[in-house]
Engineer: 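Below you'll find the structure I mean.
Each ligand, and each atom within it, is numbered from 1 in the order the structure gives.
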Amino acid sequence: MLRLFLSTIISFSVILSFGQINGKTDSLNVNDPLIKVTLLGTGTPQPIMERFGPSILVQAGGQSLLFDAGRGCLQRLRQVNLAYDKINALFITHLHSDHIVGLPDLWLTGWLVSERKAPMDIFGPVGTAEMIKHLQLAFAYDLKIRVEDDKMAEEGSKLLVTEIQQGTIYDKNGVKVIAFDVDHYPVVPAFGYRIEYNGHSVVLSGDTRYSENLIRFAAGTDLLIHEVSIAPDTISKSDPKYHILAHHTTPEQTASVFNQVKPKLAAYSHISKLYGSTEQEILKRVKENYSGQVIMGEDLMSFSISNNVSVSAWQKK
Ligand SMILES: [Zn+2]
Ligand SMILES: [Zn+2]
């Protein structure tokens, strides 16, 4: 693990210094990697400071696409210096609140502070349009007063919703987003996403149990970001938290997924640890069953995908 981490950091610094030699620091310039992925929040509903709510930023082809809007995603976007008006689209995996509770803040505060002028596209499961309609009603007073008093551009407050089904749902300037069904029953539908650009790809599991459909859609991907849930072996089916484990994927099950998908790198996000279980236990249990490269995600960890996948932990500037 340490060797993987060091070598990936080294390869990331090579790319970074190459960019600096050319005097360009914009994360989307042509000298940068083909796809950049940043874990904005790697947590669960638990309100902890170390892991904010689920949200992942994928940048490719000059576009910035956001996947889920969990708690704190706007603050994390500020940390990576990306304003709300630079987000091209938001993709929602499913309507559990931990994946969308950051949306009102992202949308309204984002509009206010970035002075966004254009509507934002939102893609999500059936029910997304209803949720957005009610958010717009809930915040009708603010929407009105910001236009009247702060002279905000009304267009910038608009959200354009597309309810999706499995398949290619977005194809712009060479960046393709493919939604696929995962198994988060009784939450139906729930989606994972595969993002492709220039022969490379990243796959995001969303919330899911072990899913054969995910394995099919993730085939050949460079980077697989998968959720995980761990509990002590002693947990029984009558335990009140057993259903959490049953709705998600255990470390051993992720090992089986990784063995079949064979990504260049697998990483965990949406890390659910029950009854005092730890990240170290997750890594121990996956490594007993999977010999490929796997890394524990952290908030603001980023990945650069070109002919190889490099990783960089967050370093406060
Ligand atoms: Zn969920
Ligand atoms: Zn969740």
Engineer: Of all N, O or S atoms in H184, identify the one at the shortest distance from the Zn ion (ligand 1).
Structural biologist: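 The closest N, O or S atom of H184 to the Zn ion (ligand 1) is NE2.
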
Engineer: Would the Y170 and F91 ring centres measure less than 6.0 Å apart?
Structural biologist: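 Yes, the ring centres sit under 6.0 Å apart.
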
Engineer: Side chains of S302 and S312: donor-acceptor distance under 3.5 Å anywhere?
Structural biologist: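 No.
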
Engineer: What I want to check is whether the side chains of Q79 and D299 have a donor and an acceptor closer together than 3.5 Å.
Structural biologist: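 Their side chains do not contain a donor-acceptor pair, so the 3.5 Å distance test is not met.
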
Engineer: Of all the N, O or S atoms in D98, which one sits nearest to the Zn ion (ligand 2)?
Structural biologist: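 Closest to the Zn ion (ligand 2) among those atoms: OD2.
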
Engineer: Determine, for F217 and R194, whether the Lys NZ or Arg CZ falls below 6.0 Å from the six-membered ring centre while staying within 45 degrees of the axis.
Structural biologist: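 Judged by the rule, R194 and F217 form no cation-pi pair.
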
Engineer: Of the backbone and side-chain N, O or S atoms of E227, does one lie nearer to the Zn ion (ligand 2) than 2.8 Å?
Structural biologist: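 Checking the Zn ion (ligand 2) against E227, no N, O or S atom falls under 2.8 Å.
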
Engineer: Just give me the atom name: the N, O or S atom of D207 closest to the Zn ion (ligand 1).
Structural biologist: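 So the atom name we want here is OD2.
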
Engineer: For F52, is the NZ or CZ atom of R76 found under 6.0 angstrom from the centre of its six-membered ring and inside 45 degrees of the ring axis?
Structural biologist: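 Flagged: R76 positioned over aromatic ring of F52.
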
Engineer: Examine H99 and say whether one of its N/O/S atoms is closer to the Zn ion (ligand 2) than 2.8 Å.
Structural biologist: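 Checking the Zn ion (ligand 2) against H99, an N, O or S atom does fall under 2.8 Å.
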
Engineer: Counting N and O atoms only, with roles assigned by atom type, does the side chain of D239 sit under 3.5 Å from a partner on the main chain of K241, one being a donor and the other an acceptor?
Structural biologist: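 Yes; judged by distance alone, with no hydrogens or angles, the pair exists.
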
Engineer: Strictly under 2.8 Å, is any N, O or S atom of H94 next to the Zn ion (ligand 2)?
Structural biologist: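 No, since none of the N, O or S atoms of H94 sits under 2.8 Å from the Zn ion (ligand 2).
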
Engineer: Which atom, counting only N, O or S, brings H96 closest to the Zn ion (ligand 1)?
Structural biologist: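 Minimum-distance N/O/S atom of H96 relative to the Zn ion (ligand 1) is ND1.
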
Engineer: Identify, by name, the N, O or S atom of H270 lying closest to the Zn ion (ligand 2).
Structural biologist: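 In H270, the heteroatom (N, O or S) nearest the Zn ion (ligand 2) is NE2.
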
